Amino acid sequence: MPPPLSYGEPKPYNRCFLSQENFLSLEDDLLKQRLERIREIEALGYRAYGHRFDFTHTIPAILAAYATKTAEELLPEVRVRVAGRMMTVRHMGKAGFAHLQQNGERFQIYVKKDAVGERDFQLFKLLDIGDIVGVEGYLFRTRTGELSIHAERLDFLSKTLLSMPEKWHGLEDVEIRYRQRYLDLIANPEVRKVFVTRARIVASLRRQLEALDFIDVETPMMQPLYGGAAARPFVTHHNTLDIDLYLRIAPELYLKRLVVGGLERVYEINRNFRNEGLSTHHNPEFTMLEFYQAYTDYRGLMDLTEALLKQTALDAAGSTDIEYCGEHLDFSHLERYTMSEAIVRFWEGDDRPTLDDVASRDWLLRHSGKPTAGEALADIFEQRVESKLIQPSIIYDYPVETSPLSKTKADDPAFVERFEIYAAGMELGNAYTELNDPQEQRRRFEMQIVLRERGDDEAHQMDEDYVRALSYAMPPTGGEGIGIDRLTMILTGSRSIRDVILFPLLRPEGPVDLVRSLRELDNEAKRP
RNA sequence: GGGCCGGUAGCUCAGGUGGUAGAGCAUGUGCCUUUUAAGCACAGGGUCGCGGGUUCGAAUCCCGCCCGGCUCACCA
């Protein structure tokens with residue numbers, strides 16, 4: 001094999017002079033065959049890359065309408081025109097069968113030379129698995145009973161140059177599945193279902209929120225200051241303004257400005273970006289639903305959350321009983337525990353604390369390395385409880401230290417009116433009664449700045465305009481964020497967040513040799 | 001970033017305890033007018049992830065690196 005070529009370099013060899021067929025790699029060989037096949041298809045009078053095709057049915061529509069019909073019920077003949085990607089083919093001399101796939105479903109066609117004529121039959125013999133074709137004919141049942149199209153005409157619509165994944169096992173290499181999602185979608189019908197369900201989840205949430213008079217808004221993804229969450233941001237740069245901008249880690253502070261402005265119920269479903277590690281539960285860009293409702297508090301949001309999740313489960317999965325990794329999750333209601341109660345209840349081991357223990361500063365500091373009682377409480381919760389919250393649950397009343405944007409409880413300023421939603425051991429969402437006192441908000445930001453100066457680069461920056469906005473009076477408001485990716489994981493039974501994101505972030509894969517091969521074969525074809 | 005596992009034909013995988021590789025599908029050529037993982041015959045296709053080392057000889061052993069998965073840390 002010659003070394004790989006970079007683009008501008010002169011070729012150190014010329015394949016024409018080598019005149020060795022087997023010098024070509026398999027892939028080049030295949031490409032060459034397919035490119036030659038395009039010429040043969042064109043010689044028969046078809047276009048290799050067709051234009052419009054007017055179909056009478058999609059494949060799923062035919063199946064929906066006729067899958068249960070008997071041979072007798074298909075008389076008089078039902079004529080159809082359909083298009084699809086050829087996924088299997090069985091040639092038998094002067095006839096053959098193939099399956100076309102469209103929108104995730106397959107339908108068999110029967111192509112008989114006597115029925116389609118010489119030219120279309122020549123075309124049929126030239127088809128490769130993966131080609132996109134159109135077919136016209138009538139419905140019938142084969143000897144083995146499969147509903148099929150008895151073809152009377154074939155059209156050629158688009159040529160595949162590369163071979164499809166293996167027909168029996170499909171595409172299993174997860175790296176190829178994520179990098180070349182188009183192939184994954186062709187080869188693995190269940191993958192398509194996951195993303196259809198994801199779309200249903202988003203549609204369900206939008207429909208429910210719209211019904212409650214929430215307004216769909218879009219706020220900046222590129223922000224001069226980042227806030228609304230504790231996370232490290234991505235940084236980018238605007239050339240004309242010559243300023244650095246941050247990809248948002250949350251839309252929160254903008255959405256609350258809108259509540260100040262009188263958009264009393266707003267929601268946004270969009271991407272957040274956090275410059276952190278990747279895992280089965282974390283992708284650097286992820287989709288959040290955030291919504292804000294004036295004149296409610298976290299108790300009101302708990303009820304709303306319960307209703308939202310229940311209906312979303314019904315719309316997306318058809319049931320509130322969701323099986324996830326061997327567990328039955330019941331989305332018909334949400335268990336509610338304070339953080340302190342959850343620690344007592346889900347503690348594993350002999351030294352189970354009492355509620356008094358969990359309220360004791362000494363006990364808390366003995367069980368965590370964190371400097372304050374509140375941080376210790378949150379730390380202990382995360383370490384010992386979070387992963388055990390399998391059933392959909394609400395954990396409420398968070399320590400003030402970890403919640404710079406939440407309103408404190410009237411009867412206990414050490415805690416804030418905040419809750420998080422958990423299911424399958426994962427955090428699904430976060431909500432609180434919004435802090436709307438600008439003086440208090442200013443103090444909280446200043447506390448964050450102290451943390452930042454101590455080296456915590458996830459601490460909030462001072463957002464002066466946000467304090468200014470609150471100074472115009474924000475109504476009492478409840479706000480909530482729900483992670484769409486994680487919710488989708490649960491409602492589709494996906495173990496990894498990468499399975500619910502069409503193009504999850506991966507390291508770049510390096511050079512793809514296909515372009516070079518195509519160029520060389522093109523040059524070769526043009527040579528006299 | 002740490003630990004563990006993996007990378008062999010286009011795809012799905014076997015093999016290997018050192019002697020330059022196999023199967024099925026896919027591909028090519030024949031035969032076959034109701035098959036369906038169609039069948040039969042023949043054929044082509046591999047830098048065994050990359051680089052280095054040990055060795056007469058490395059796909060196999062050693063080291064480094066790249067890519068991926070799981071997991072821990074961090075986070076939502």
Side-chain angles (χ1 to χ4, degrees), chain A residues 1-4 20-34 36-37 71 87-99 106 108-116 121 124 128-130 140-146 148 150 160-180 183 187 228-232 249-250 272-288 290 382-383 386 420-422 426-430 457-458 481-487 489 495-499 504 506-510 514:
Chain A
M1 279 290 282
Q20 278 291 319
E21 282 294 304
N22 61 6
F23 185 80
L24 295 172
S25 72
L26 172 62
E27 205 157 20
D28 281 357
D29 215 1
L30 187 80
L31 266 179
K32 204 172 177 173
Q33 284 167 16
R34 300 268 164 113
E36 173 57 29
R37 209 152 265 191
M87 297 304 288
T88 66
V89 65
R90 296 167 292 283
H91 289 285
M92 290 169 301
K94 295 181 183 62
F97 289 91
H99 277 101
R106 293 186 179 187
Q108 182 169 264
I109 63 170
Y110 175 55
V111 182
K112 188 165 69 163
K113 189 173 179 180
D114 294 346
V116 297
F121 197 73
F124 179 63
D128 289 304
I129 289 173
F140 77 114
R141 285 202 179 269
T142 63
R143 233 171 245 170
T144 53
E146 181 167 346
S148 307
H150 200 287
T160 178
L161 297 179
L162 299 172
S163 57
M164 287 290 122
E166 204 242 5
K167 65 183 170 190
W168 191 240
H169 299 89
L171 181 63
E172 299 199 348
D173 184 321
V174 290
E175 189 173 347
I176 300 176
R177 289 188 44 225
Y178 297 148
R179 286 194 195 284
Q180 297 177 255
L183 261 194
R232 282 152 61 195
I249 57 174
N272 291 338
F273 307 87
R274 299 190 185 172
N275 205 338
E276 322 242 333
L278 295 78
S279 79
T280 47
H281 296 66
H282 300 85
N283 194 61
E285 57 177 313
F286 64 102
T287 302
M288 283 266 284
E290 279 207 22
E382 280 168 26
Q383 298 299 323
E386 200 176 305
E420 291 192 337
I421 309 154
Y422 287 88
M426 274 190 296
E427 186 188 334
L428 285 188
N430 180 22
D457 52 3
E458 294 186 356
I482 293 177
I484 298 297
D485 312 278
R486 289 183 179 179
L487 181 58
M489 286 171 68
R495 276 176 185 279
S496 170
I497 201 167
R498 292 185 199 97
D499 292 323
L506 299 175
R507 280 201 165 79
E509 72 176 316
L514 176 64

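Because the structure is a prediction, the values reported are computed rather than measured. A, B, ... follow the sequence lines: proteins, then strands. Residue 1 opens every chain.
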For this session: Please evaluate the base of U35(B) for a donor-acceptor partner in the side chain of T142(A) within a cut-off of under 3.5 Å?
Result: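 Yes.
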For this session: Classify the side chain of E146(A) versus the base of U34(B) as yes if they form a donor-acceptor pair under 3.5 Å and no if they do not.
Result: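 Answer is no: no donor-acceptor pair is held.
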Exercise. Between E427(A) and R143(A), who's closer to the 5' end of RNA chain B by nearest nucleotide?
Worked result: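 Looking at RNA chain B, the more 5' nearest nucleotide goes with R143(A).
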Problem set entry | Earlier contact from the 5' end, RNA chain B, for H91(A) and Y178(A) |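 On the 5' side of the pair lies H91(A).
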Closest to side chain of [X], choosing from [options]:
{"X": "Q108(A)", "options": "C70(B), U35(B), G10(B)", "answer": "U35(B)"}
{"X": "I176(A)", "options": "U35(B), C11(B), C70(B)", "answer": "C11(B)"}
{"X": "E175(A)", "options": "C74(B), C32(B), C67(B)", "answer": "C67(B)"}
{"X": "D173(A)", "options": "C70(B), U12(B), C74(B)", "answer": "U12(B)"}
{"X": "E166(A)", "options": "U33(B), U35(B), U12(B)", "answer": "U12(B)"}
{"X": "V174(A)", "options": "G69(B), C11(B), U34(B)", "answer": "G69(B)"}

Exercise. OP1, OP2 of G68(B) versus side-chain N and O of R498(A): anything below 4.0 Å?
Worked result: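 Answer no for this pair, as no side-chain N or O of R498(A) is under 4.0 Å from OP1 or OP2.
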Exercise. Which is true for R37(A) with a 4.0 Å heavy-atom rule: it touches a base, it touches only sugar-phosphate, or it touches nothing?
Worked result: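 Sugar-phosphate contact only - R37(A) comes under 4.0 Å of backbone atoms but never of a base.
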Problem set entry | Residue matched to G57(B) through Watson-Crick or wobble contacts both under 3.5 angstrom | none
Exercise. Between the side chains of H169(A) and E172(A), does any donor sit under 3.5 Å from an acceptor?
Worked result: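 Note: H169(A) and E172(A) side chains miss the donor-acceptor criterion.
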Problem set entry | Span that lies between the C1' atom of G2(B) and that of C25(B), in whole angstrom |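 My reading of the C1' atoms in C25(B) and G2(B) gives 40 Å.
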For this session: Flag as yes if F286(A) stacks onto the base of A76(B) (centroids under 5.5 Å, planes under 30°), otherwise no.
Result: yes
For this session: Take the protein atom CD of E172(A) and the nucleotide atom P of U8(B), then report the distance between them rounded to whole Å.
Result: 13 Å
